[in-house]
Protein chains: 2
Amino acid sequence: MKRNLTLKDIARELDVSISTVSKALKDSEEISAETRKKVQAFANLYNYRPNNIALSLKNRRTHSIGVVIPDIVHHFFTTVFWGIEQYANERGYNVIVCVSDESFNREVINMETLANGSIDGFIMALSAETQLKQEFKHLHEIVAQGIPLVLFDRITDKVVCDKVINNDRGAAYMAVKRLIDAGRKKIGLVTTERFLNVSEEREEGYYQALRDHGLPVREELVLRLPYRYDEETLSAAYIAAADLDAVLCVNEIFAVRCMRLAQERGLRIPGDIAFIGFTDGLLSRLSNPALSVVAQHGEQMGAIAARMLIDKLEDPQGPGTDDYRTEVVRASLIERDSTPN
Amino acid sequence: MKRNLTLKDIARELDVSISTVSKALKDSEEISAETRKKVQAFANLYNYRPNNIALSLKNRRTHSIGVVIPDIVHHFFTTVFWGIEQYANERGYNVIVCVSDESFNREVINMETLANGSIDGFIMALSAETQLKQEFKHLHEIVAQGIPLVLFDRITDKVVCDKVINNDRGAAYMAVKRLIDAGRKKIGLVTTERFLNVSEEREEGYYQALRDHGLPVREELVLRLPYRYDEETLSAAYIAAADLDAVLCVNEIFAVRCMRLAQERGLRIPGDIAFIGFTDGLLSRLSNPALSVVAQHGEQMGAIAARMLIDKLEDPQGPGTDDYRTEVVRASLIERDSTPN
DNA sequence: GGCAGTTACGAAAACGGTTTCGTGTTAATA
DNA sequence: TATTAACACGAAACCGTTTTCGTAACTGCC
């Protein structure tokens with residue numbers, strides 16, 4: 001590995017001191033115009049670039065933010081990440097990603113390795129296992145260390161920090177209301193296990209909408225699938241048995257799978273049965289019929305999370321102040337061809 | 001920001017020197033058993049963790065690798081990234097991602113900021129604009145600086161470094177041959193602009209397969225769409241005019257869109273017209289009919305790229321040796337419901 | 001008791017920067 | 001001409017580690 005040009009090299013070459021070089025490069029008044037010229041010319045010629053690591057050590061700021069997400073292949077997290085990366089980049093920050101793969105242990109290990117100086121702050125969504133275990137010691141430690149933390153989407157009340165979420169409950173309510181307004185009466189919900197806070201919120205919104213409109217809340221209308229769902233049998237039985245006229249699904253994958261099963265049973269969409277999913281991904285746009293969805297605006301969520309974090313990092317009071325905020329991004333309903341009218 | 005415990009703190013507290021603490025913590029024989037115990041106990045109690053930045057500065061190794069990709073929302077790149085991240089993590093490396101967003105400038109800027117000590121090596125796929133301009137000075141500089149570089153998928157002959165690619169030409173050939181073997185005679189190709197090396201390779205494979213089997217190569221069978229394709233009109237005309245009985249698409253998005261247009265024209269898939277796409281994503285699995293695809297094994301490509309890079313970084317000879325290799329990942333054809341039989 | 005050889009530790013340099021402070025030289029002033 | 005201020009620069013500390021080397025103190029030996 002060829003060594004990079006350092007201040008020391010320039011100093012030696014130009015027969016001045018390191019401090020002089022350093023000051024000359026930042027155009028300090030303290031250095032004569034002549035010397036400044038000379039140093040700058042030399043540095044320019046040999047393409048001097050200060051060493052980031054040395055700067056980080058000196059300034060105790062890395063200008064990197066750590067992003068810990070459960071899954072990178074999932075469309076929603078990908079879009080959030082994209083929002084984070086874009087915004088962070090604009091403000092001169094790099095992004096180090098760690099994927100917990102829904103595992104508590106990986107989440108803990110990843111955070112520990114990053115927390116020792118590698119990053120200035122964290123943006124993260126909890127892994128499924130963490131939400132299941134309700135074990136947040138690692139996060140409390142981060143906060144106690146004074147490292148700013150922004151939680152998004154998969155959050156918890158148990159940790160005091162900044163947060164960015166969707167109005168999941170309200171969005172689910174809105175979606176179900178939309179179906180009720182279209183005259184649907186037997187509305188199903190396909191969701192994941194309840195320990196994921198977002199699924200829980202959506203489920204509550206679903207119940208609320210039914211109750212508010214005088215529809216019975218019946219357990220058999222709700223299908224609970226494992227988070228990583230890979231077989232059709234269960235939902236086939238559900239679609240067959242429940243005799244539904246509309247379904248809300250907590251993600252687009254569930255929705256597209258269910259639509260397909262419904263079609264195989266000869267049901268017409270949206271005529272016989274309507275569908276609304278969460279997540280506005282490619283799948284929704286390209287499914288047949290195109291799926292109406294609750295768009296979560298992941299990119300915007302990512303940008304907001306990054307803004308909150310960086311603002312706190314660059315707060316002249318120091319990131320020590322503990323006024324924590326929770327920003328809510330309002331999801332919107334995108335109507336395509338799986339809903340009537 | 002609460003300061004972290006340092007060696008100096010421990011030294012002061014225990015009334016020994018910094019060097020003693022450092023050595024005691026690595027269980028050096030040089031330090032008496034008693035002192036070691038004492039120091040380790042203290043460090044343990046107060047949860048001492050060495051500062052990564054200081055270590056990086058000292059060792060001139062960051063244990064971070066920079067990943068520069070054109071797009072993170074695109075399924076293929078996401079899976080490659082996932083492969084990189086998993087593998088790198090296993091070997092104790094962190095991953096810093098920069099998304100060039102298909103822009104030459106962002107690619108250059110991203111690499112420059114990372115190259116000044118922030119990372120030990122790069123893994124990247126060229127942006128579309130870079131491939132169009134055929135401008136590789138930034139990469140040559142990286143290589144000249146002695147920073148190991150692994151290019152994947154979107155590569156170029158103009159830069160000498162390690163590479164990981166698919167056998168795109170062979171894979172396209174195989175796919176077209178599969179269609180020919182099934183008796184198809186008017187086989188179309190839906191591709192992107194030709195400056196992307198992968199599209200070019202696939203196009204060549206397509207031509208080769210036609211020629212080898214005595215089928216005419218006709219320009220009107222080839223539809224060339226902009227890389228970020230967002231309208232249906234063009235391909236609708238194409239599907240309508242060309243009277244095809246099979247189509248190879250260079251990605252799953254094109255394929256699913258075209259299938260839908262064919263279906264709207266009343267064509268049955270795969271009876272009247274067969275489809276094969278590239279990229280084994282959700283879309284292919286969940287489309288109707290499920291799309292037969294050339295699977296690129298992105299995760300594997302990512303792992304291989306990371307392995308090549310880290311092996312080079314940890315090569316005791318130093319990463320200086322310039323034996324560059326190109327590994328080819330063999331794509332495989334996954335048959336689903338859009339191909340006959 | 002004088003010597004060499006351990007043992008157990010500390011001082012200091014190094015990684016590559018920034019920044020405070022001190023100082024020698026020159027020019028301006030009394 | 002002596003004093004002082006401005007100027008232009010360098011020395012050194014610091015960020016938090018590792019590592020080499022030096023050295024006191026102690027041991028054992030003759």
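Chain A is the first sequence line, chain B the second, and so forth, proteins listed ahead of strands; every chain is numbered from 1.
- Between the side chain of B:D120 and the backbone N or O of B:I65, no donor-acceptor pair lies under 3.5 Å.
- Judged by closest nucleotide on DNA chain C, B:A33 is the one of B:A33 and B:L57 placed further toward the 5' end.
- Between the side chain of B:K58 and the base of D:dT17, no donor-acceptor pair under 3.5 Å is found.
- When the C1' atom of D:dA6 is taken as reference, atom CD of A:E29 falls 14 Å away, rounded to whole Å.
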side-chain contact (heavy atoms from CB on, under 4.5 Å) evaluation trace for B:L7 with B:L25 = CA-CA 10 Å; B:L7 290 186; B:L25 287 179; 3.8 Å; yes
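- Shown for residues 8-16 of chain A: residues whose heavy atoms fall under 4.0 angstrom of DNA chain C, namely A:K8.
- Using a 4.0 Å heavy-atom distance criterion, B:T6 is classed as a sugar-phosphate-only contact.
- Proximity of A:N94 to B:T113: side-chain heavy atoms (C-beta onward) are separated by under 4.5 Å at one or more points.
- Residues of residues 36-54 of chain B that place a heavy atom closer than 4.0 Å to DNA chain C do not occur.
- Counting any heavy atom pair closer than 4.0 Å across all strands shown, A:S32 reaches sugar-phosphate atoms only and no base atom.
- Direction change of the helix axis from one end of the helix from C:dG1-D:dC30 to C:dA30-D:dT1 to the other is 80°, with five pairs defining each end axis (rounded to 10°).
- Of the two residues near DNA chain C, B:T20 and A:T20, the one whose nearest nucleotide lies more 5' is B:T20.
- Between B:N59 atom CG and C:dA14 atom P there is a gap of 17 Å when expressed in whole angstrom units.
- Annotation for A:I18 and A:A11: closest pair N-CB, 3.8 Å, computed over non-hydrogen atoms.
- One interatomic measurement links the two molecules: CG of A:N4 to C1' of C:dC15, which rounds to 13 Å at whole-angstrom precision.
- If you measure from atom CG of B:D120 to atom P of C:dC15, you get 18 Å, rounded to the nearest angstrom.
- Look at B:K133 and B:E107 and you find no salt bridge, because none of the NZ, NE, NH1 or NH2 atoms lies under 4.0 Å from a carboxylate O.
- Between A:D315 and A:K312 no salt bridge is recorded (no basic side-chain N to carboxylate O distance below 4.0 Å).
- If you measure from atom CD1 of A:I18 to atom P of D:dC9, you get 16 Å, rounded to the nearest angstrom.
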Got a list of protein N/O to nucleotides 21-25 of chain D N/O distances below 3.5 Å?
from: D:dC21; atom 1: N4; to: B:E30; atom 2: OE2; distance (Å): 3.4

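- Checked by atom type and distance alone, the side chain of A:Q145 never pairs as donor or acceptor with a backbone atom of B:N4 at under 3.5 Å.
- Taking atom CG of residue B:N116 and atom C1' of nucleotide C:dC15, one finds them 16 Å apart after rounding to whole Å.
- In this structure, B:T35 reaches the C:dC9 phosphate: one of its side-chain N or O atoms is under 4.0 Å from OP1 or OP2.
- The distance from atom CZ of A:R60 to atom C1' of D:dT17 is 14 Å, rounded to the nearest whole Å.
- OP1 or OP2 of D:dG10 lies within a sub-4.0 Å distance of a side-chain N or O belonging to A:S17.
- Between the side chain of B:S19 and the base of C:dA11 there is at least one donor-acceptor pair of N/O atoms closer than 3.5 Å.
- Per the geometry, CG belonging to A:L55 stands 11 Å off C1' belonging to D:dC15, to the nearest Å.
- No side-chain heavy atom of B:T156 sits less than 4.5 Å from a side-chain heavy atom of B:T130.
- Within the 4.0 Å cut-off from OP1 or OP2 of C:dG16, at least one side-chain nitrogen or oxygen of A:R3 is found.
- Judged as a salt bridge (Lys or Arg N to Asp or Glu O under 4.0 Å), not a single pair has a partner in residues 134-144 of chain B (not counting sequence neighbours).
- Sparse packing is recorded around CG of A:D157, with 12 or fewer heavy atoms of other residues, nucleotides or ligands lying under 6.0 Å away.
- Nearest heavy atoms, A:I53 versus B:S56: CG2-CB, 3.8 Å.
- Side-chain contact between B:N51 and B:T6: absent, with no pair of heavy atoms (C-beta onward) separated by less than 4.5 Å.
- Pairs engaging residues 83-101 of chain A under the salt bridge (Lys or Arg N to Asp or Glu O under 4.0 Å) rule: A:E85-B:R106, A:R91-A:D311, A:R91-A:E314, A:D101-A:R228 [sequence neighbours left out].
- Of all non-hydrogen atoms in A:S118 and A:S64, the two that sit nearest each other are O-CB, 3.7 Å.
- Note on A:S22: every side-chain N or O is 4.0 Å or more away from OP1 and OP2 of C:dG17.
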